[in-house]
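The structure under discussion appears below in the form of structure tokens.
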Amino acid sequence: MKDMIKSWRHVFKLDPEKDMSDDALDAVCMSGTDAIMVGGSTGVTYDNTVDLLSRVRRYELPCVQEVSDLEAVVPGFDLYLIPMVLNTQDHTWILEKHRQGIERYGYMIPWELVVAEGYIVLNPDAAVAKLTGAQTDISEESAAAYAQIADKLMQLPVVYLEYSGTFGSMDTVRRVRRSLEQAQLFYGGGITTPEQAAEAAASSDTVIVGNIVYDNLEQALATVTAVKRP
Ligand code: 1GP
């Protein structure tokens, strides 16, 4: 089951706190994207997550939850993606939330559906950077070193370069990709045009498209073709 992520090139990340009409959701789910990831840094609740999951479930594509709040973990997703923020000194976001989650949910955790993500957060203005106290002002070399901690020391299946809200440095993305041996590289942040989507796709394994879905649906849909073009 976990292996399904390996074939993903394009993923839409939907925020359960934000409204989306049935028509827009239909267009997103029928767009040819590889999966829907449900998650956000703030305002994610059990109720709004259940609601979005049940609406996406009418479609055939995989629907996964990126867990950011222990109160909002909802049964029934295809996979559970668990971020571990590597570039913070606050171990809340590397270990403590995770310990709490395991203590709370224990035997109920479907480990065969759990995928850990080594997050490297690089936009200082992003909500996730503020929340986690991420040290975003780091060199390419440091980003690549964090990526190798995830890839080689921790053997995490995913490294996620998170520029949420701004289009990142593709030089850094490529530098990080070259440093990886086994981990899959997710890139997310600030993709608003098909050109940016294509550039991110050329530099990473999987492109995550978020906010543009709410701001300009047509442009968002165009990113799918841009990424999947052979
Ligand atoms: C956010 O990486 C995703 O977690 C996507 O970012 O919303 O900026 O597209 P955007």
Side-chain angles (χ1 to χ4, degrees), residues 1-41 52-66 77-79 81 83 115 117 119-120 122-123 126 128 157-178 180 183-230:
M1 197 74 171
K2 289 183 196 185
D3 278 357
M4 73 161 79
I5 67 167
K6 290 191 180 141
S7 63
W8 292 352
R9 287 288 283 146
H10 183 286
V11 173
F12 277 124
K13 191 187 277 195
L14 300 185
D15 184 342
E17 198 192 12
K18 294 191 176 156
D19 290 330
M20 180 172 272
S21 69
D22 285 341
D23 284 352
L25 189 69
D26 185 69
V28 164
C29 292
M30 300 300 284
S31 64
T33 189
D34 295 307
I36 301 294
M37 191 186 293
V38 173
S41 300
L52 187 52
L53 171 63
S54 63
R55 293 175 69 204
V56 175
R57 270 286 175 252
R58 296 179 198 139
Y59 300 88
E60 292 226 338
L61 79 179
C63 186
V64 303
Q65 182 174 25
E66 189 174 56
F77 281 93
D78 293 312
L79 293 177
L81 274 49
V115 176
E117 303 172 304
Y119 250 65
I120 305 171
L122 293 173
N123 174 12
V128 59
V158 172
V159 168
Y160 192 136
L161 281 180
E162 172 63 291
Y163 280 94
S164 182
T166 190
F167 191 63
S169 155
M170 290 301 119
D171 285 341
T172 302
V173 179
R174 283 188 287 270
R175 175 73 188 81
V176 165
R177 192 189 208 181
R178 285 198 301 277
L180 298 179
Q184 183 168 344
L185 182 58
F186 284 15
Y187 170 84
I191 294 176
T192 55
T193 65
E195 292 74 24
Q196 287 172 330
E199 223 187 320
S203 308
S204 65
D205 299 314
T206 305
V207 170
I208 317 291
V209 176
N211 264 317
I212 189 68
V213 161
Y214 300 96
D215 298 340
N216 186 333
L217 181 61
E218 215 169 299
Q219 285 283 92
L221 298 174
T223 66
V224 180
T225 344
V227 168
K228 298 198 143 237
R229 196 178 294 140

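FYI, the numbering just counts along the sequence from 1.
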(Q) Could you check whether any side-chain N or O of Arg177 sits under 3.5 Å from a backbone N or O of Leu185, counting only pairs where one atom can act as donor and the other as acceptor? (A) no

Q: Could you tell me whether Lys6 and Asp34 make a salt bridge, using a distance below 4.0 angstrom between a side-chain N and a carboxylate O?
A: no

Q) How far apart are the closest heavy atoms of Ser203 and Val173, and which atoms are they? A) O-CG1, 3.3 Å

Q | Worked verdict on Asp26 versus Arg58 for salt bridge (Lys or Arg N to Asp or Glu O under 4.0 Å) | A | CA-CA 9 Å; Asp26 185 69; Arg58 296 179 198 139; over 6 Å; no

Q) Measuring from Glu162:CD to Leu122:CG, what's the distance to the nearest 0.5 Å? A) 9.0 Å

(Q) Quick check for you: to the nearest 0.5 Å, what is the distance between Thr223 atom OG1 and Ile208 atom CD1? (A) 11.0 Å

Q. At their closest point, which heavy atom of Lys228 faces which heavy atom of Gly32, and how far apart are they?
A. CE-O, 3.4 Å

Q. With under 30° as parallel and over 60° as perpendicular, where do the rings of Tyr187 and Phe167 fit, or are they tilted in between?
A. perpendicular

(Q) Once rounded to the nearest 0.5 Å, what's the spacing between atom CZ of Arg229 and atom CZ of Arg9? (A) 12.0 Å

Q: Find out whether Thr206 and Ile5 are in side-chain contact, i.e. whether some heavy atom of one side chain is under 4.5 Å from a heavy atom of the other.
A: no

Q.
Just verifying a value: how many Å separate Leu81 CG and Phe186 CZ, rounded to the nearest 0.5 Å?
A. 6.0 Å

Q) Between Ser31 and Leu221, which heavy-atom pair has the shortest distance, and what is it? A) CB-CD2, 3.8 Å

(Q) Do the side chains of Asp22 and Arg55 get close enough for a salt bridge, i.e. N-O under 4.0 angstrom? (A) yes

Q: Give the minimum heavy-atom separation between Gln184 and Trp8, together with the two atoms involved.
A: NE2-O, 3.9 Å

Q.
For Val56 versus Cys63, what's the shortest heavy-atom pair and its separation?
A. CG1-SG, 3.7 Å

**Q.** side chain to side chain contact (heavy atoms under 4.5 Å, CB included) between Gln65 and Leu53, intermediate numbers included
**A.** CA-CA 9 Å; Gln65 182 174 25; Leu53 171 63; over 6 Å; no

Q) Is a side-chain N or O of Glu117 found less than 3.5 angstrom from the main chain of Tyr119, in a donor-acceptor match? A) no

Q) To the nearest 0.5 Å, how far apart are CD1 in Ile191 and OG1 in Thr166? A) 11.5 Å

(Q) Just so I know, are the side chains of Met20 and Val213 near enough to count as touching, which here means a heavy-atom distance under 4.5 Å? (A) yes

Q: Could you tell me whether the side chain of Asn123 reaches within less than 4.5 Å of the side chain of Val128, counting heavy atoms only?
A: no

**Q.** Any residue meeting side chain to side chain contact (heavy atoms under 4.5 Å, CB included) with Thr225, in chain and number order, not counting sequence neighbours
**A.** none

Q: Taking the side chain as every heavy atom from C-beta outward, state whether Pro62 and Met4 have any atom pair closer than 4.5 Å.
A: yes

Q. For Phe12, which of Val224, Leu61, Val38 qualifies under side chain to side chain contact (heavy atoms under 4.5 Å, CB included)?
A. Val224

Q | For the student: nearest non-hydrogen atoms of Val207 and Ala197, plus distance | A | CG2-O, 4.1 Å

**Q.** Step-by-step side chain to side chain contact (heavy atoms under 4.5 Å, CB included) determination, Leu25 to Leu14
**A.** CA-CA 10 Å; Leu25 189 69; Leu14 300 185; 3.6 Å; yes

Q.
Please check if the number of heavy atoms outside Asp19 that lie under 6.0 Å from its CG is greater than 12.
A. no

Q: Evaluate whether atom CE of Met1 has more than 12 neighbouring non-hydrogen atoms of other residues, nucleotides or ligands under 6.0 angstrom away.
A: yes

Q) Knowing that exactly one of Thr192, Thr193, Val209 qualifies, which makes a side chain to side chain contact (heavy atoms under 4.5 Å, CB included) with Gln219? A) Thr193

Q: Would you check if Arg57 and Asp78 make a side-chain contact, meaning some heavy-atom pair closer than 4.5 Å?
A: yes

Q) Say you draw a straight line from CD of Glu218 to CD1 of Ile212; how long is it, rounded to the nearest 0.5 Å? A) 11.0 Å

